[in-house]
There are 2 protein chains.
Amino acid sequence: MNDIKQFLRSNSLRPTKQRIVIAGYLFDGTDKHITAESLSTELTKRKHIISLATIYNTLHDFYENGLLKKLILSSDRVYFDTNTDDHHHFYSEKDQFLIDINKNIKVNGLPKTPKNKKINKIEVIVHLDK
Amino acid sequence: MNDIKQFLRSNSLRPTKQRIVIAGYLFDGTDKHITAESLSTELTKRKHIISLATIYNTLHDFYENGLLKKLILSSDRVYFDTNTDDHHHFYSEKDQFLIDINKNIKVNGLPKTPKNKKINKIEVIVHLDK
DNA sequence: TATCAGTTTAGAATGATTCTAAAGTGTTGA
DNA sequence: TCAACACTTTAGAATCATTCTAAACTGATA
Ligand SMILES: [Mn+2]
Ligand SMILES: [Mn+2]
Ligand SMILES: [Zn+2]
Ligand SMILES: [Zn+2]
């Protein structure tokens, strides 16, 4: 709890009650893939009522500060990933199911990068089912 | 034009005026990445006024029939791709810019597929800028 | 402890997409 | 040829995740 406060402060985030609760849940040592909605549900289960606006604000604050990754996999919800290491995913749209691929994936055979552009990151999504 | 009609029929799509115009534009031999909005703008330029509802309907009909691929890259618009071959993309969110990678990309080092699941497709997105 | 910038929140707004239901059209069998 | 009907188009309403607004609240600081 004081760890969490320090953690937030060290990321230039004021440790408010809401951020402490959310960070406590998100960064408990277990990697998580969540959406604003699923996070809200999870917090409500734990009797922590936090407005959706704050949940969105907090997810963005954490994202802006590099504490979360953003995953765009579906057109109707944004996923956030507590695993900020470089990694990839298995994804089942059908089962709304997302699994980290932490192994060292190598992408071979890329053509040259478009003129005046730099590669920011390479994302591999392994789509399951259909 | 009669080619287009046949093309639509052979894909179990009734060749309506609107579908003929849209297919004529989309499948002119040049690969395209479009959104409902950009397609609408493009058709309007060409003096073909088609309602947005029909544009959405048609894109989905074409997609359902395998004439288009769907690309989820941003949370606020869906891209459709007239290149239905297996391929990957360079993507610049900043410049809303999308380039095909048709070269034979190889993804090495994938772990085993989750139990009871099958790989549907592997998608590589090379994000540019930041 | 007063002050103030930063934060939370209810509720409104946004905007891409989907839905509804009424009018229009391509197909087909007689 | 054309009536009949299933399929399609469309305006406008609805949906819904997300963002915005602006007022109340709170953590940090001196
Ligand atoms: Mn939606
Ligand atoms: Mn949007
Ligand atoms: Zn992950
Ligand atoms: Zn493409």
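What's counted below: heavy atoms across the whole structure, side chains too, no hydrogens, waters or symmetry copies. Numbers restart at 1 for each chain; the letters A, B, ... are given by sequence-line order, proteins then strands. Bear in mind the structure is a predicted one, so any value in this text is a computation, not a measurement.
Remark: Gln18(A) is not in phosphate contact with dT26(D), judged by side-chain N or O atoms under 4.0 Å from OP1 or OP2. Of the side-chain N and O atoms in Thr16(A), one or more sit less than 4.0 angstrom from OP1 or OP2 of dT8(C).
Distances from the side chain of Ala36(B) to the nucleotides dT18(D), dT17(C), dT19(D) place dT17(C) closest. Ranking dT25(C), dT8(D), dG27(D) by closeness to the Lys17(B) side chain, first place goes to dT25(C). Closest to the side chain of Arg19(B), from the set dT9(D), dT17(C), dG6(C), is dT9(D).
Taking atom CZ of Arg9(A) as the reference point, atom C1' of dT26(D) lies 13 Å away to the nearest angstrom. To the nearest angstrom, C1' of dG27(D) lies 15 Å from CG of Asp61(A). Look at CD1 on Ile34(B): it is 11 Å from P on dT17(C), rounded to the nearest Å. If you measure from atom CZ of Arg14(B) to atom P of dT8(D), you get 6 Å, rounded to the nearest angstrom. As rounded to whole Å, 21 Å separates atom P of dA14(D) from atom CG of Asp76(A). Between the P atom of dT8(D) and the NE2 atom of His60(B) lies a distance of 15 Å, rounded to the nearest Å. For the pair Leu59(A) CG and dT9(C) C1', the computed distance is 16 Å after rounding to whole Å. Rounding to whole angstrom units, CG of residue Leu13(A) and C1' of dA5(C) are separated by 15 Å.
Within residues 45-58 of chain A, the residues that place at least one heavy atom under 4.0 Å from DNA chain C are, in residue-number order, Ile50(A), Ser51(A), Ala53(A), Thr54(A), Asn57(A).
For the side chain to side chain contact (heavy atoms under 4.5 Å, CB included) with Ser75(B), the lone residue among Asp76(A), Val78(A), Leu73(A) that qualifies is Val78(A). Evaluated for a side chain to side chain contact (heavy atoms under 4.5 Å, CB included) with Asn83(B), the options Thr30(B), Leu68(B), Asp31(B) yield exactly one hit, Asp31(B).
Of the charged side-chain nitrogens involved, at least one lies within less than 4.0 Å of a carboxylate oxygen, so that Asp95(A) and Lys117(B) count as a salt-bridged pair. In this structure, Lys121(A) does not pair ionically with Asp86(A), as no charged nitrogen and carboxylate oxygen lie closer than 4.0 Å. A salt bridge links Arg19(A) to Asp61(A): at least one charged side-chain nitrogen sits closer than 4.0 Å to a carboxylate oxygen.
As judged by a 4.0 angstrom heavy-atom cut-off over every strand, Arg77(B) is placed among residues touching the sugar-phosphate backbone only.
Residues forming a ring pair (Phe, Tyr, Trp, His ring centres under 6.0 Å) with Phe7(B) (at least two apart in sequence, or on another chain): Phe27(B).
Both the sub-6.0 Å distance and the 45° axial angle are not jointly satisfied by Lys32(A) relative to the ring of Phe80(A).
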